[in-house]
Amino acid sequence: MAQFTKKAIIESVIKLLNEKPLDKITIKDIAKDCGINRNTFYYHFEDIPSLIKCILDSEIEKVFAGQEDIASWEEGFIAAAQFALQNKKFVYHIYNSVRREEVERYLNIIAGEVMRRYVEMASKGLSAREEDKKLIADFYKQALTGMVRDWLDCGMKYDPEQVIGRLGIMLEGNIEAALRKTAE
């Protein structure tokens, strides 16, 4: 029963954040929306920020569950970003609130792990140094998170999947070339 209630609270806040900004949502609103009392909310979560962190952490776990190899960083990043793409207003409302750092943490973890896994897979058979692989992964992580922050700052007006796809075409082979150079 407790997991059912926790899930109802999470679904409620996602729904509410897809409708209105974070600073307009109260625990009373969440409790009313999912048919619980305020004490039940506090049994599961300390406050709304801890609920937001729980949602984003859960999404991070879902993204990487069972995905060891990534065929391309573009596909990996787009797959990892599905929650954000399906809940644009939710992400936008958190990003444009005092909880912005939670979205940025989420982006850094997702982009960092996608790039780390891709660089690791692309470096198989090469004698690239670990610090060079980390540097390459960090560079692309920063580029990806910067692009997503720009997308958020622009009001999410363009299709990020299309931009990531185009960028993938333009940069095709660059990671592998960098890894080969470091192995020489």
Side-chain angles (χ1 to χ4, degrees), residues 10 14 17 22 49-184:
I10 289 169
I14 290 171
L17 275 166
L22 181 62
S50 68
L51 170 57
I52 299 301
K53 184 177 183 315
C54 175
I55 291 168
L56 294 177
D57 287 347
S58 173
E59 287 305 314
I60 290 167
E61 286 178 28
K62 284 181 197 172
V63 164
F64 295 114
Q67 288 186 6
E68 284 307 311
D69 288 333
I70 295 176
S72 76
W73 65 264
E74 305 94 339
E75 289 175 19
F77 192 69
I78 290 169
Q82 285 306 307
F83 176 79
L85 294 170
Q86 293 166 357
N87 293 281
K88 287 181 182 179
K89 285 187 180 180
F90 170 90
V91 173
Y92 187 74
H93 285 142
I94 294 170
Y95 186 74
N96 287 304
S97 74
V98 295
R99 306 301 332 156
R100 175 179 279 211
E101 72 277 358
E102 288 299 328
V103 173
E104 290 177 347
R105 181 184 67 84
Y106 172 79
L107 291 173
N108 278 320
I109 290 170
I110 296 270
E113 188 61 14
V114 165
M115 292 314 302
R116 184 196 67 74
R117 288 180 184 201
Y118 181 75
V119 167
E120 199 58 47
M121 189 267 316
S123 67
K124 286 183 179 164
L126 298 174
S127 59
R129 296 182 325 180
E130 288 301 316
E131 58 266 25
D132 290 336
K133 292 192 293 190
K134 183 179 179 337
L135 184 62
I136 293 166
D138 285 347
F139 176 81
Y140 280 91
K141 173 189 85 167
Q142 292 301 327
L144 287 172
T145 57
M147 288 182 67
V148 174
R149 279 196 300 273
D150 182 59
W151 176 63
L152 289 163
D153 288 339
C154 292
M156 305 165 102
K157 292 191 182 350
Y158 58 87
D159 180 4
E161 289 185 61
Q162 188 177 52
V163 173
I164 295 293
R166 285 183 26 231
L167 187 60
I169 292 167
M170 288 185 265
L171 298 176
E172 187 174 349
N174 286 2
I175 292 172
E176 292 81 356
L179 287 165
R180 280 191 302 277
K181 285 180 184 178
T182 66
E184 293 173 355

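The figures that follow rest on heavy atoms only: side chains count, while hydrogens, waters and symmetry mates do not. Just so we're clear, the structure is a prediction, and the values are computed from it rather than from any experiment.
- Taking CD of Glu176 as the reference point, atom CD1 of Ile136 lies at 9.5 Å (rounded to 0.5 Å).
- Once rounded to the nearest 0.5 Å, the distance linking CD1 of Ile94 with CD1 of Ile55 reads 6.5 Å.
- A pairwise comparison of heavy atoms in Glu102 and Leu56 identifies O-CD1, 3.6 Å as the closest pair.
- By the 4.5 Å heavy-atom criterion applied to side chains, Met115 and Ile175 are counted as neighbours.
- Without hydrogens or angle criteria, Ser123 side chain to Val119 main chain gives a donor-acceptor distance under 3.5 Å.
- Applying the side-chain hydrogen bond (donor to acceptor under 3.5 Å, both in side chains) test to residues at least two apart or on different chains, the pairs with a partner in residues 140-155 are Tyr95-Asp153.
- Arg116 is not listed as a side-chain neighbour of Asp138, based on a closest heavy-atom distance of 4.5 Å or more.
- Of the inter-residue distances, the one linking Leu171 atom CG with Arg166 atom CZ reads 11.5 Å to the nearest 0.5 angstrom.
- With hydrogens and angles disregarded, no donor-acceptor distance shorter than 3.5 Å links the side chain of His93 to the backbone of Leu22.
- Distance check: Asn96 CG to Lys89 NZ gives 13.0 Å after rounding to the nearest 0.5 Å.
- Contact annotation: the side chain of Val148 never approaches that of Val103 to less than 4.5 Å [non-hydrogen atoms, C-beta and beyond].
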Take Leu126 and Thr182, measure what side chain to side chain contact (heavy atoms under 4.5 Å, CB included) needs, and give me the verdict at the end.
CA-CA 9 Å; Leu126 298 174; Thr182 66; over 6 Å; no
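- With sequence neighbours excluded, the residues that form a side-chain hydrogen bond (donor to acceptor under 3.5 Å, both in side chains) with Asp57 are Lys53, Arg105.
- Salt-bridge check for Glu131 with Lys134: failed, with every basic side-chain N at 4.0 Å or more from each acidic carboxylate O.
- Side-chain contact check for Leu179 versus Asp132: every heavy-atom pair is 4.5 Å or farther apart.
- Between atom CD1 of residue Ile169 and atom CD of residue Glu74 there is a gap of 8.5 Å, rounded to the nearest 0.5 Å.
- Distance check: Glu172 CD to Met170 CE gives 12.0 Å after rounding to the nearest 0.5 Å.
- Partner of Tyr106 under the side chain to side chain contact (heavy atoms under 4.5 Å, CB included) criterion, chosen from Ile110, Ile109, Asn108: Ile110.
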